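The first residue of the sequence shown is numbered 1, and numbering continues consecutively from there. For ligands, and for the atoms within them, numbers begin at 1 and follow the listed sequence. No experiment lies behind these values; they were computed from the predicted model shown.
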Amino acid sequence: MNKKGFTTLALNIPYPKADPHRALQMPVYETVAFEFDSAEQIEANFKGEYIAHVYSRTSNPTVEYLETKIRTLTGSFGVLAVSSGMAAITNTMLSVCKAGENFISGNQLFGHTYALFSQTFADLGIEVRFSDLVSPEETEKLIDKNTRAIYFETITNPQLHLADIEMLSSISKKHNILLICDSTMTPPNVFEAGKQGVNIEVLSATKYLSGGATAFGGIIIDHGNYDWQINPCVSEYSSKFGKGAFIARLRKNIYRNTGTSMTSQTAKLMIQGIDILEIRVQRCFENCLALGEFLLTHKKVKRVDYPGLENHAQYLLAQKQYRGIPGTILSFDLETKEACFAFMNKLQIIRRATNLNDNKSLIIHPYSTIYCEFSETERKEAGIRETMLRLSVGIENAGDLIADISQALE
Ligand SMILES: *Cc1c(COP(=O)(O)O)cnc(C)c1O
């Protein structure tokens, strides 16, 4: 077993093939196709007897290095990098579920995931059964013989609700269905999905991994802990590919055929982002705690939510599941919507933007933006208050962030 720390390991993962110039960074292979020595060699490649890169929509050396890096850092079985977080979710769910089948999903979801599940998948004949995933009995009631998976987000946003993974894992095991999570909020240096019973992990690399909102990307991780013979979509691949059946189904079907590949340039940005991921997450976390504690003491602040703060109802679960670093996004409430807007407009360092986990601190008023198309009842059910602000905490100096918030609250 490798005992090296996350960052040491991240910086020392060897390239699949030695670089002729011994470059200290993985080169960017910006090429569409790859050449073969002979017609026989191409034939062997197409038969699966000679493994080499052929065409970058199906595989590319720089993207493969990113995949190897994530596989090593997560101790997982297989990894596939795709063009965006949404592509990771789409590829994964279409690989394990087809028309006439269903899966269960948490009901507090990233907006476009909710739209994908409730609109796109509904049109394709895949039924998504939404639940708060809080009660084991209620969750189990939704399972029938056509249910293929339970899907959840590790921490919902902006509600900041933590899924109880041990509970979900015991249900999925009991019914032999997949447990799939979106771990965008909890990057691999704080969350070991496979050890907690998750079978497939998807994440938007656009957020933490990219190293400061530099590029779109998505990652699919197979933790190698599911018997693929059970899943009707994947089982036909399991006789030939064994444990690699899920990744084979992606590469030979959904991923290749939908053309959702990551470019080598993007992979390069992700590789650099991962090298300093642990350091960035740690800094964001320290800032998040400092800001949370400051906001708690401010008389104009009516409420502060961050599961890393001891006053949060799920503090202990956050310690257990995410090594005490439950993402680096917090929310807080001011007196009124007008107070929120006035506060946002006075900020000088914190940016008004909708992204998450950038190096820069970003603020948004979810009620009037992300949830603007929701009815009043839907917003209430989703826990979206008119007085709530979401702050994605960056790596600036804590003192400057506190000073900015402090002046904007005056
Ligand atoms: C941003 C996000 C996505 C979508 O990722 P893209 O890279 O923008 O496609 C999915 N899930 C969560 C939790 C996200 O925050």
For ligand 1, which atoms sit closer than 4.0 Å to a heavy atom of Thr206? 6 (P), 7 (O)
is_close_aromatic(Phe117, Phe121), centroid dist under 6.0 Å: yes
Suppose I only count heavy atoms of Asp182 and a 4.0 Å limit; which atoms of ligand 1 are within that range? 10 (C), 11 (N), 12 (C), 13 (C)
Below 3.5 angstrom, do we get any N/O pair linking Glu153 and ligand 1? no
Could you tell me the residue and atom name of the protein heavy atom closest to atom 6 (P) of ligand 1, and the distance to it rounded to 0.1 Å? Gly85 N, 3.4 Å
For the residue pair His53 and Phe34, does the interplanar ring angle fall in the parallel (under 30°), tilted (30 to 60°) or perpendicular (over 60°) class? tilted
So, is Asn157 polar-close to ligand 1, with some N/O to N/O distance under 3.5 Å? no
So is there a nitrogen or oxygen of Thr113 less than 3.5 Å from a nitrogen or oxygen in ligand 1? no
Please determine if Leu356 has a nitrogen or oxygen closer than 3.5 Å to a nitrogen or oxygen of ligand 1. no
Could you list which atoms of ligand 1 come closer than 4.0 Å to a heavy atom of Phe216? 7 (O), 8 (O)
What I want to find out is whether Glu286 reaches Arg283 closely enough, with some N-O distance under 4.0 Å, to be called a salt bridge. no
Lys/Arg-Asp/Glu bridge criterion (N-O < 4.0 Å) met for Lys320, Asp164: no
Output for pair (Ile104 CD1, Ile180 CD1), nearest 0.5 Å, gives 11.5 Å
Of the backbone atoms (N, CA, C, O) and the side-chain heavy atoms from C-beta on, which set of Lys207 has a member under 4.0 Å from an atom of ligand 1: side chain, backbone, both, or neither? side chain
Compute the shortest N/O to N/O distance between Phe110 and ligand 1 and return yes if it is under 3.5 Å, no if not. no
Cation-pi check, Lys207 onto Phe110 ring (under 6.0 Å, within 45° of axis): yes
Just checking, any donor-acceptor pair under 3.5 angstrom between side chains of Asn102 and Asn146? no
Contact region, Leu203 to ligand 1, non-hydrogen atoms below 4.0 Å, reads neither
